[in-house]
Amino acid sequence: MPSEIEQRELLWQARWKEAGLARAHAVPGRPKHFQIFAYPGASGFLHLGHMRGYTYADLVARFHRMAGEQVFFPAGIHASGLPAVVFANRVARRDPDVLDGLRERGVPDAEVPHLEDPERAARFLGQTYWKIWERFGLLLDPEAYLLTTDPDYQRFIRWQFLRLQERGLLVQKPHYAPFCPRSGPVSVDSSETDIARGGDAEIITYVAVPFPLEDGRTLLAATLRPETVYGVTNLWVAPDSTLKEWHHEGRRYLTSATAVRKFLDQVGGTEGPPVPASTLLGREVTIPLAGGRVPILASPVVDPELGTGVVMSVPAHAPADWVAAQDLGPIEGGPLQAGARVLLDLPADRLSPSERKLLGGDGPPAARSIRALGVHSLDDRDRLQEATERVYRAEFAHGIMTVPPWEGLTVPQAREKVTDLLLREHGGFQLREFSEPVICRCGETVIIRRVPHQWFLAYGNPGWKGEAREALSRMRLDPPEYAQEMSGILDWYDDRPCVRQGRWLGTPFPLDESWIIEPIADSTLYPAYYVVRRYVQRGLLTLEQLTPAFFDFVFLGLGPGEPTVPQALQAEIRRDFLYWYPLDLNLGGKEHKRVHFPVFIFNHAALFPPELRPRSILIHWWLTSTKGEKISKKDVKGGAVPPVDQALQDWGADGLRVYFALGATTFQDAEWDPEAAAHAAARAQTVLKDLLGMLATPPPPSAPAPGELDTWLLTRMAGMVRRSREAYERYDFRAAAEIGFVEIPQVLDRYRIRGGRSASTLRQAGAVWVRLIAPITPHLAEEAYAQTGQGLVAEAPFPREDELPSDPRSLLKEALLEGLEEDLTSLRKGWKGTPSGLRVFVAAPWKYRLETWLASRPNPSPAPRGALLKELLQDPEFASHRAEVPRYLDLILPGGRPGIQTLPELSPAEELTILRQAHDYVGHRLGGLAVEVVLEEEGAARDPQGRRARARPGRPALYLWSDPESGSGKRVPSDSSSR
RNA sequence: GCUGGCGUAGCCAAGUCUGGCCAAAGGCGACAGACUCAAGAUCUGUUCUCGCAGGAGUUCCCAGGUUCAAAUCCUGGCGCCAGCACCA
């Protein structure tokens with residue numbers, strides 16, 4: 001049952017539909033605005049958090065429409081990838097949450113099994129998204145709506161990939177990816193997708209360093225610090241463990257059984273016989289790169305499940321190895337210590353104080369850290385662990401290699417070179433493993449598998465990077481800091497896998513149909529396709545006509561086009577594309593900073609010429625739960641955030657839109673606050689009521705002639721118009737909403753309190769006001785604007801400043817009164833009686849001269865009070881006020897120091913006139929007492945406390961008194977402010 | 001660790017780029033008043049401390065610095081959040 005607010009909003013949405021407002025029309029010669037938001041994945045039901053960005057997007061589109069531009073604002077659903085599959089799986093499992101969601105959306109039970117199909121699930125979810133967008137008042141072009149699983153879209157994607165390939169931007173090379181032996185390729189991330197456990201696991205890449213035995217077999221020792229191979233004194237193995245042979249390209253390697261399985265997955269080869277570690281103890285291996293022979297020794301702390309079960313011992317740099325070497329009594333003083341070679345320098349001046357403390361003293365870094373932390377045995381695991389981490393970190397950050405041939409290199413540089421050398425020339429391998437066990441949803445343990453011929457998008461390609469950077473240099477990014485960040489992101493970008501096998505949705509890869517294009521890669525150039533989609537939707541193009549030749553012609557202007565498409569139509573589509581392109585704005589949440597937006601720029605840069613590359617990106621922050629976290633299903637289920645339907649029913653789309661706009665600045669997370677939302681919604685309704693009143697009644701013929709107050713109001717409004725336009729232009733939705741929903745009501749309040757009641761002035765102000773807020777609250781703006789009989793406000797022109805008469809001096813005059821009221825308020829605070837009269841003293845003319853004189857000096861005046869005084873008293877006029885001038889200087893120079901002086905803006909006579917005209921009003925504000933306005937120098941005025949001396953230009957002195965005869969003075973008021 | 005962002009009153013959140021009009025907008029909450037049988041809603045006032053005269057004192061994470069003047073600029077520190085690759 002729709003609430004009253006909803007019914008009214010639905011009415012206006014129907015009107016917009018009738019008027020075809022959302023449909024884009026290319027009008028040659030007229031300015032255009034083409035914008036999208038990053039389309040959502042088909043992952044589940046939308047919640048309020050999503051609506052913040054959509055609201056912003058619609059606000060921008062509506063502002064541009066009112067600014068006189070042709071607007072194209074399409075939207076689609078990113079159905080590719082896993083989310084829809086996961087959703088469909090949940091339907092198949094009859095997940096109660098999902099079933100509830102379906103029921104709430106009116107899905108009959110009989111329909112539910114159909115949604116076990118991911119594609120249909122995506123289509124269904126897309127419909128629910130579209131409904132909510134419409135319900136929020138978004139004017140999205142219905143003809144351009146698409147899913148990325150639609151066959152026409154996929155033809156576009158295939159074209160895109162063919163062209164990328166043609167330009168050499170697709171490359172093939174090995175890749176290592178998470179893989180479930182039962183379910184196939186999986187992705188490891190902590191959100192609900194493929195993984196039952198270990199979603200936060202990271203892939204750690206070890207270097208397996210080969211150490212040949214004299215019998216032709218080779219031990220593989222896994223390490224994260226291959227550059228320390230020069231400091232190896234021995235190898236460690238767990239004495240009771242059993243290693244295994246692994247045969248690869250005719251060679252026999254020895255590693256743990258676990259590692260053999262990993263090598264089989266990641267490198268290939270075959271499994272050999274088991275080898276008890278005990279048979280290796282005491283035998284010698286050759287150190288690669290460094291040369292020399294070292295023994296294999298037993299260590300109880302080696303974990304055979306980690307790495308290869310064989311560990312390099314580098315006592316100089318690994319605290320555990322140092323301690324272990326000490327524990328081996330018989331060898332102490334022998335080869336281990338002799339070989340404990342220090343490989344790098346740690347310049348003391350680069351270390352932090354805590355690092356200096358850790359690494360002070362003599363000997364190798366590992367020995368120093370052991371000493372600093374007081375570690376005596378391998379059993380002291382925690383402190384040993386701490387020592388290890390801190391030494392590694394310090395060395396990684398500050399270490400300078402001293403071992404030939406790497407002298408002078410930093411540790412990261414040396415590591416890269418040593419790794420390269422080991423892999424290329426010494427038969428080393430890389431070994432990847434998860435930082436923690438990863439379990440697939442099916443229960444199987446996830447492994448890392450080598451994909452030998454993975455396709456990559458070559459974002460690491462320097463030429464492409466250059467183009468992308470060039471594109472970026474011409475773009476506007478908001479917030480502006482993001483431009484700087486983006487530049488770094490583009491640099492950091494490297495080749496990225498772009499296809500995958502397994503069960504997920506997407507476009508088959510045109511170069512090898514057994515692969516499916518990865519979801520991020522299929523959503524980079526798509527704004528271009530929205531243009532074409534409208535023709536498909538209208539039935540003017542068939543699927544078969546969407547050939548590479550067609551897209552070449554439409555998007556690139558190349559070739560004759562697709563012969564089966566009528567020439568005129570094809571030319572029209574090309575023209576249409578050139579009209580709308582480039583994209584003016586792509587808007588998305590901050591989660592898109594590092595993935596979607598960079599590849600969006602990259603792909604445009606790859607395929608489109610500079611003039612067709614995107615113009616701007618706007619990223620907005622999130623609506624978060626009360627815990628400051630991104631809103632999740634749990635928040636909705638737990639009642640922390642209301643479901644969208646409920647929120648719409650209670651507050652209306654406009655109410656929520658005001659809340660989103662007002663709740664926080666665009667570039668800051670906002671915590672969901674239901675009270676504030678309710679308030680925003682109430683504010684929206686108050687504004688509507690006010691507007692209706694202002695616009696409804698035509699001014700009566702006997703209306704009072706507009707006066708100074710009316711000029712003031714309209715001048716204020718003109719200022720609002722300018723600031724509002726600027727706010728929209730810089731996407732400061734908060735400022736725009738604040739003007740429309742806070743400041744204008746305040747100004748109108750004041751106008752009325754001051755006695756303004758000109759219907760024609762109010763009508764004039766209202767006609768501007770309603771258009772200022774129309775982008776934010778389109779529905780209620782329509783309702784109010786309907787009173788003017790001028791059609792739809794959505795199509796009305798955004799106000800211009802010069803629509804209103806404006807006089808800056810009217811602001812000065814009113815400001816004088818406002819200041820007076822402020823002073824009165826603070827006087828009343830300390831006043832315990834009921835005042836019966838107020839006398840206002842306008843400052844003496846010499847004070848105006850004095851302040852003018854001060855202001856005309858260099859600001860701030862360099863002269864101290866004494867010097868100023870001396871100079872002043874040379875002037876005969878000031879000299880004649882010899883007694884008052886010093887006191888006055890004390891009043892206006894805070895702390896006796898010169899500050900900034902501003903020119904008095906009104907003359908004493910003007911101030912007197914303004915205050916006298918307003919004295920009824922001021923008296924009324926004080927509860928109906930007598931107010932008298934006099935000049936400071938009027939000697940007759942009663943002023944027992946000498947208040948008049950305080951009078952300043954623009955700030956009259958006040959004497960508030962209670963008449964002792966009236967009997968009301970010094971009475972403590974009932975009890976209002978006495979607490 | 002790297003990259004980026006943030007730290008403002010009981011809470012949320014403006015202000016910081018472009019120093020002065022800032023004891024610091026707006027909202028929530030709280031307190032008081034009006035209305036009401038009452039509650040709610042609405043409206044009004046108050047909401048750092050002191051002060052029976054428009055003032056003074058102490059505040060914008062902490063410590064320094066620049067300046068006539070700092071929430072705002074600079075240096076250092078502390079704390080929090082996000083992203084870090086195939087996940088949209």
Side-chain angles (χ1 to χ4, degrees), chain A residues 38 40-43 78 80-83 175 177-178 185 187-191 193-194 199 202-203 392-393 396-397 454 456-457 479-482 484-485 488-489 492-500 518-521 523 590-596 621-622 624 626 628-630 659 662-665 667-680 682-683 686 734-735 737-738 741-743 746 815 820 822-833 859-862 864 893-895 897-900 902 945 947 950 955 957-960 970 972 974-979:
Chain A
S43 54
H78 194 204
S80 323
L82 287 166
H175 179 56
S187 59
V188 175
D189 79 85
S190 48
S191 64
T193 45
D194 297 342
E202 290 175 42
I203 294 179
Y392 279 21
R393 188 164 301 171
F396 185 76
Q454 171 74 47
F456 288 75
L457 276 160
E481 307 88 83
Y482 182 43
Q484 186 57 40
E485 196 184 346
I489 295 170
W492 162 88
Y493 244 79
D494 201 355
D495 299 352
R496 204 182 161 91
C498 61
V499 296
R500 197 176 109 169
E518 183 271 334
I520 287 160
S523 53
K590 64 175 178 179
E591 71 276 20
H592 295 300
K593 278 210 270 193
R594 288 185 163 250
V595 180
H596 170 62
W621 268 237
W622 298 332
T624 64
T626 41
E629 289 159 5
K630 196 172 186 180
Y659 170 69
L662 218 43
T665 41
F667 313 119
Q668 166 115 12
D669 286 337
E671 265 185 41
W672 166 249
D673 181 348
E675 309 289 345
H679 187 267
R683 209 175 259 265
T686 312
R734 186 174 202 293
E738 197 163 47
F741 293 91
V742 179
E743 291 189 32
Q746 280 173 355
L820 177 72
E822 257 173 55
D823 279 351
L824 270 173
T825 308
S826 60
L827 283 194
R828 293 289 304 274
K829 260 208 273 185
W831 180 272
K832 291 234 169 107
N859 250 333
S861 172
L893 299 181
R897 274 203 313 259
I900 294 280
T902 52
Q945 294 172 41
R947 294 278 154 208
R950 298 186 66 94
R955 191 173 189 190
L958 304 175
Y959 170 53
L960 192 61
K970 302 291 175 201
V972 176
S974 36
D975 67 345
S976 54
S977 56
S978 58
R979 280 179 65 91

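Residue numbers start from 1 in every chain, and the chains themselves are labelled A, B, ... in the order their sequence lines are given, proteins ahead of strands. The model shown is predicted, which means the values in this text are computed figures rather than measured ones. The analysis underlying the following values was restricted to heavy atoms, covering all of them including side chains, and did not include hydrogens, waters or symmetry mates.
The separation of B:C68 from B:G19, taken at their C1' atoms, amounts to 12 Å, rounded to a whole angstrom. Taking the P atom of each, B:G10 and B:C81 are spaced 23 Å apart, rounded to whole Å. Separation of the P atoms belonging to B:A56 and B:G5 is 39 Å when rounded to the nearest angstrom. One P atom belongs to B:C28, the other to B:G45, and the distance between them is 14 Å to the nearest Å. Comparing the C1' positions of B:A14 and B:G27 gives an interatomic distance of 11 Å, to the nearest angstrom. Atom name P, nucleotides B:A70 and B:G65: the rounded distance is 12 Å, in whole Å. Between B:G15 and B:A32, the distance separating the two P atoms is 34 Å to the nearest Å. B:C87 and B:U42 are spaced 50 Å apart, taking the P atom of each and rounding to whole Å.
For A:R594, counting side-chain heavy atoms from C-beta on, the closest listed nucleotide (B:C86, B:G26, B:G83) is B:G83. Across B:G27, B:C86, B:G4, the shortest atom-to-atom separation from the side chain of A:R683 is found for B:G27. Side-chain atoms of A:H175 lie closest to B:C86 of the nucleotides B:C86, B:G5, B:A88. When each of B:A14, B:C28, B:G26 is scored by its nearest atom to the side-chain atoms of A:A664, the top-ranked nucleotide is B:A14. The nucleotide whose nearest atom lies closest to any side-chain atom of A:F456 is, among B:C87, B:G27, B:C86, B:C86. Of all nucleotides listed (B:A85, B:G5, B:G54), B:A85 comes nearest to the side chain of A:R496. Among the nucleotides B:G55, B:G26, B:G5, the one closest to the side chain of A:R955 is B:G55. If you check B:G54, B:A88, B:A25 against the side chain of A:R734, the one that comes closest is B:A25. Picking from B:C87, B:U3, B:G26 the nucleotide with the shortest atom distance to the side chain of A:E485 gives B:U3. In this structure, the nucleotide among B:C87, B:G27, B:C86 sitting nearest to the side chain of A:H679 is B:G27.
Using a 4.0 Å heavy-atom criterion, one finds that A:Y959 contacts the bases of the nucleic acid, with or without backbone contacts as well. No contact: A:A38 has no heavy atom under 4.0 Å from any strand. Backbone-only contact: A:Q668 has heavy atoms under 4.0 Å from sugar-phosphate atoms and none from a base. When heavy atoms are screened at a 4.0 angstrom cut-off, A:E738 is found touching base atoms of the nucleic acid. Heavy atoms of A:H78 sit under 4.0 angstrom from primed sugar atoms or phosphate atoms, though from no base atom. Counting non-hydrogen atoms under 4.0 angstrom, A:K590 reaches nothing in the nucleic acid. Nucleic acid contact for A:S523: none, since no nucleic acid atom lies under 4.0 Å from a heavy atom of the residue.
Distance NZ (A:K593) to P (B:C81): 16 Å, rounded to an integer number of Å.
At least one side-chain heavy atom of A:L82 sits less than 4.5 Å from a side-chain heavy atom of A:R500. Looking only at side-chain heavy atoms (C-beta outward), A:Y482 and A:K590 stay at 4.5 Å or farther from each other.
Residue A:T665 places at least one side-chain N or O closer than 4.0 Å to OP1 or OP2 of B:A14.
Closest approach of A:Q454 and A:V499 over heavy atoms only: NE2-O, 2.9 Å. For A:A38 against A:H592, the heavy-atom pair with the smallest separation is CB-NE2, 3.7 Å.
Under the Watson-Crick and G-U wobble criteria, each requiring two contacts below 3.5 Å, nucleotide B:C35 is left unpaired.
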Inset, instruction - Might you work through the side chain to side chain contact (heavy atoms under 4.5 Å, CB included) test for A:R683 and A:V742, ending with a clear yes or no? - result: CA-CA 9 Å; A:R683 209 175 259 265; A:V742 179; 3.3 Å; yes
Legend entry - Trace of the side chain to side chain contact (heavy atoms under 4.5 Å, CB included) decision for A:L457 with A:E518: CA-CA 11 Å; A:L457 276 160; A:E518 183 271 334; over 6 Å; no
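A distance cut-off of 5.5 Å between ring centres, combined with a plane angle under 30°, places A:W492 in a stacking arrangement with the base of B:A85.
Put simply, the side chain of A:R950 and the base of B:G54 share a donor and an acceptor less than 3.5 Å apart.
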